[in-house]
Structures are given as structure tokens and as C-alpha cells.
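Everything on this sheet refers to the single structure shown next.
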Amino acid sequence: MGKVDNASPCPTETGRPVRYTDRMNRRQFLGTGLGAPLILGAASKSDSRLPTVGSGAFRYEVIHDWGELPSNIQYGNTHGVCEDSHGRIYVHHTVHSTSESADTIVVFDRKGKFVGSWGKQFKGGAHGLHIRKEGRDEFLYLCDTAKGLVTKTTLKGEEVFTIGYPTESPAYAAKPKWSPTNLAVAPNGEIYVGDGYGSSFINVYSPQGKFLRTFAGKGKEAGKVDCPHGIALDARGPEPLLVVADRANKRLQYFNLAGEHVKFVEGVKAPCHFHERKGILLIPDLSSRVTLLDKSNKVIEHLGDLDAPYGDLRKKPRDQFPAGKFICPHGACFDSDGNIFVVEWVEVGRVTKLRHVS
């Protein structure tokens, strides 16, 4: 798998990270020095010493700092996460200043064992991450906010195409800022890119990366957005719609595939992105929680809510992060077993697995 073996939000330590995997119990974790290599142990499937979040059918054990990260890689802000059809987990991060490796994509197997890394070209701007199966193959779509690029690659990091500044769009004739944060792919293969840290337009491209059209733009009224930080295809209704994390407006906004406003969904604070599984919409919210919505977009659970301003906490060493709480969730995905992976906008990076237990 290639070499296998950043951005700030809209309103604009060093030391080897210890990684806590499914097979490592709390005693082993606490007994592992910050400078020592990770040694996997054997924990029960349901270790009662782990913090839990949620309730009823949506209860999860919280495994912070999941995954065996090699000593030569130090996370920067962890921004995107997804799972492929083989259960491998991909993490997109900006790279810490102390990291020996500049690879921004880190890959783990389903048990948290390091598989490989690549993506030096996205250092400093690594952000959105989307995976899609196309025929027999799977591809990654990556957003680089610093360089203003959207790149499609194989799972090994081989470039298929790259989209740069949308010079073809009349909306960009005056050369406003362009900084794409996330994207969605429609059933027909058209690509919808949210210019979240740029000019708040949504740009549409052909399956081959050719510019087609632009809609939205900055504002508060219906059809306008302010920091379309995340964007996804929502196929839970009678027709597929685009759901946009209209972050600075503190809402979700739905559009049809032609770019016309459909509806708003309120009740979110700072939504970053989405993932859906079995009718449940997963929303990492930068305001210290992860939210689950049902098919009617009613809140099922707010998971790991810090219930306090994250302030400078996101810049602190990881041992100052409260157990079972989130600081700044930025990306999240379900895995094939219904567990949830969450990555956070914290300076030392953090990957948390929420292991479904009921």
C-alpha cells in the first residue's frame, strides 16, 4: 500500500504518543511510559474499566489514543478518518512539528496495528477525507486546505487526478480565497466540494474532475452558507440530498443535487462533517461532542460532551484531556461493525474508538 509495511476552523508536546488499542486494558495503558514502545496486551471485549458514553442501543466504550502509531510519526491535528472494505482505518493529519515522518495518511488494520503511511504532499494542509468504491476498486478523495487542492488517489496513494483553483467558475473571477475542506460524491459520480475555509461556495465537478457549476456562497439566508465545512450525500429519504455542515451558521442545510435549498436542521453547535450507517447520521461537532441523529434528524445521543469551552485545552498534552470526553471532534466514521472512530482538532492529534457495546 504505497509506502506500506491543516488547517484551522472557520473562525480562525512533544514526546512519543502512546496508543491505546482494543487489546490493551487500562492498567497496561497507564503503565506504559510516554517514551516506551507500545506493547499490545489482551483485554476482555467489554472491559468495565473503560469509560462509557451513550445509553440503550447506543452505548459505547471509549478507547482514546487508539492505534499503534510508529515512533517516527507524530500526529498533527487529526482531521479526517474513514474505513475501507477490508476494515482498514485511514487517518488524515497535518503532521506535528516534531515528527520525523511527513506522511499525512496513516493506515491501521481493524485491531489497531499499523499497516502503512504516505501522503507527504499534503503536509500542513491535510483535511477532508472521503472513500468511495467505484466498480471493483476503492478510491480516496482528499482535501488540502493549505495548497487549495482536491486529489483523488488509490488506496496506495497513487494520484488519479487533482483539482485546483476553480478558475472556470464565474464566482471566482475576482480571485476570492479558495480553501476546500470536504467533499461528497453523488450517485452519478459528480463531485461536490465545499470551499469551507475560502469563499463558502460549493463547486461541482464531473467524475473526471472537470468543473461543472457553482452554487451557495456566503450568507445566512436559505441557499447561502457560511463555512460549508462538511458535505455528504444523504440517501435516507425518497431522493438523495446533499447535507452541508453550515458551521459558522450553526446548522445543517440540505440541498437537492441541482444546488437548490431544501431545508435547515437546527440543534447543532459547530458541525464538521458526516457519516451515515443504517439510517443513523453521525456528526462530529467541534464544540466537544459527537451527535447521532435518527432518520428524522432528531437527536438520539450527544456523545462525550465536555460541557465546557475547549479553549486552550486543545493545545495541552494528552494526559490533560478528561477521560471519556471529547475536546474538538473534527472527523468521524462508523466502521462495518457499528463502532465509531473519531479524530480531533487538537495539537497532538487524537484518534478515539467508540466500541459499540449494546
Side-chain angles (χ1 to χ4, degrees), residues 19-26 42-68 78 80-92 106-113 115 129-133 138 140 155 184 230 232-237 240 243 245 252 268 271-285 289-305 323-326 329-344 350-358:
R19 297 294 172 232
Y20 182 12
T21 74
D22 298 36
R23 301 172 62 191
M24 185 180 191
N25 64 34
R26 181 173 173 80
S44 67
K45 185 174 181 181
S46 181
D47 189 338
S48 61
R49 290 168 291 186
L50 294 172
T52 61
V53 294
S55 62
F58 299 93
R59 190 166 66 90
Y60 304 85
E61 289 178 337
V62 182
I63 303 171
H64 291 307
D65 298 302
W66 177 91
E68 286 185 76
T78 40
V81 62
C82 65
E83 181 198 39
D84 70 16
S85 61
H86 300 284
R88 292 182 293 237
I89 302 296
Y90 297 73
V91 175
H92 208 198
V106 184
V107 189
F108 304 96
D109 70 13
R110 63 177 68 248
K111 294 182 179 178
K113 182 178 179 180
V115 174
L129 182 63
H130 179 77
I131 192 166
R132 185 170 188 261
K133 191 164 187 179
E138 288 179 280
L140 293 170
L155 297 187
L233 186 77
D234 190 339
R236 296 178 298 165
V243 56
L252 310 184
V268 291
C272 284
H273 201 39
F274 312 94
H275 194 231
E276 184 269 333
R277 180 179 185 269
K278 295 186 176 180
I280 306 301
L281 192 65
L282 168 64
I283 305 174
D285 191 311
R289 67 189 187 187
V290 172
T291 297
L292 300 177
L293 300 184
D294 66 14
K295 289 183 178 180
S296 300
N297 285 329
K298 302 299 183 184
V299 174
I300 299 172
E301 293 282 352
H302 292 305
L303 302 173
D305 198 334
K325 301 293 184 181
F326 289 118
H330 190 278
C333 73
F334 288 107
D335 72 8
S336 55
D337 295 321
N339 306 304
I340 297 172
F341 285 88
V342 181
V343 295
E344 296 186 71
R350 183 161 72 160
V351 180
T352 296
K353 180 176 181 177
L354 301 181
R355 184 166 56 200
H356 189 225
V357 294
S358 63

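In what follows, residues are counted from 1 in the order of the sequence shown. Only a predicted model underlies this, so the values are computations on that prediction, with no experimental measurement involved.
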Check whether any side-chain heavy atom of [X] sits under 4.5 Å from a side-chain heavy atom of [Y], and report yes or no.
| X | Y | value |
| --- | --- | --- |
| Val81 | Ile89 | yes |
| Leu303 | Leu292 | yes |
| Leu155 | Tyr90 | yes |
| Val268 | Asp285 | yes |
| Asp109 | His86 | no |
| Leu354 | Val62 | yes |
| Thr352 | Phe326 | yes |
| His330 | Glu344 | no |

Practice task
Using only heavy-atom distances, determine whether the side chains of Glu138 and Ser85 contain a donor-acceptor pair under 3.5 Å.
Solution key: yes
Handout entry: Distance-only side-chain donor-acceptor flag, Asn297 / Arg236, under 3.5 Å
Key = yes
Handout entry: Plane angle bin for His356 and Tyr60 - parallel if under 30°, tilted between 30 and 60°, otherwise perpendicular
Key = tilted
Practice task
Take the angle between the ring planes of His275 and Phe334 and call it parallel below 30°, perpendicular above 60°, tilted in between.
Solution key: tilted
What's the shortest heavy-atom distance between [X] and [Y], and which atoms?
| X | Y | answer |
| --- | --- | --- |
| Ala184 | Ala232 | CB-CA, 3.6 Å |
| Leu252 | Ala245 | CD2-CA, 4.4 Å |
| Pro284 | Val290 | CA-CG2, 4.5 Å |
| Val342 | Ile340 | CG2-CG2, 3.8 Å |

Is it true that a side-chain atom of [X] and a backbone atom of [Y] form a donor plus acceptor pair closer than 3.5 Å?
| X | Y | result |
| --- | --- | --- |
| Lys325 | Asp305 | yes |
| Thr78 | Arg350 | yes |
| Arg277 | Ser336 | yes |

Looking at [atom1] of [X] and [atom2] of [Y], how far apart are the two atoms once the value is rounded to the nearest 0.5 Å?
| X | Y | atom1 | atom2 | answer |
| --- | --- | --- | --- | --- |
| Glu61 | Leu50 | CD | CG | 5.0 Å |
| Phe108 | Phe341 | CZ | CZ | 9.5 Å |
| His130 | Cys333 | NE2 | SG | 12.0 Å |
| Ile283 | Phe274 | CD1 | CZ | 5.5 Å |
| Lys353 | Arg110 | NZ | CZ | 8.5 Å |
| Ser55 | Glu301 | OG | CD | 3.5 Å |

Handout entry: Salt-bridge contact Glu68-Lys113 (side-chain N to carboxylate O under 4.0 Å)
Key = no
Exercise for the section: In plain terms, say whether Asp294 and Lys298 are close enough for a salt bridge, that is, a side-chain N and a carboxylate O under 4.0 Å apart. Expected result: no
Handout entry: Which residues share a side-chain hydrogen bond (donor to acceptor under 3.5 Å, both in side chains) with Arg132, sequence neighbours left out
Key = Glu134
Problem - Evaluation steps, side-chain contact (heavy atoms from CB on, under 4.5 Å), between Ile280 and Leu293 - result: CA-CA 6 Å; Ile280 306 301; Leu293 300 184; over 6 Å; no
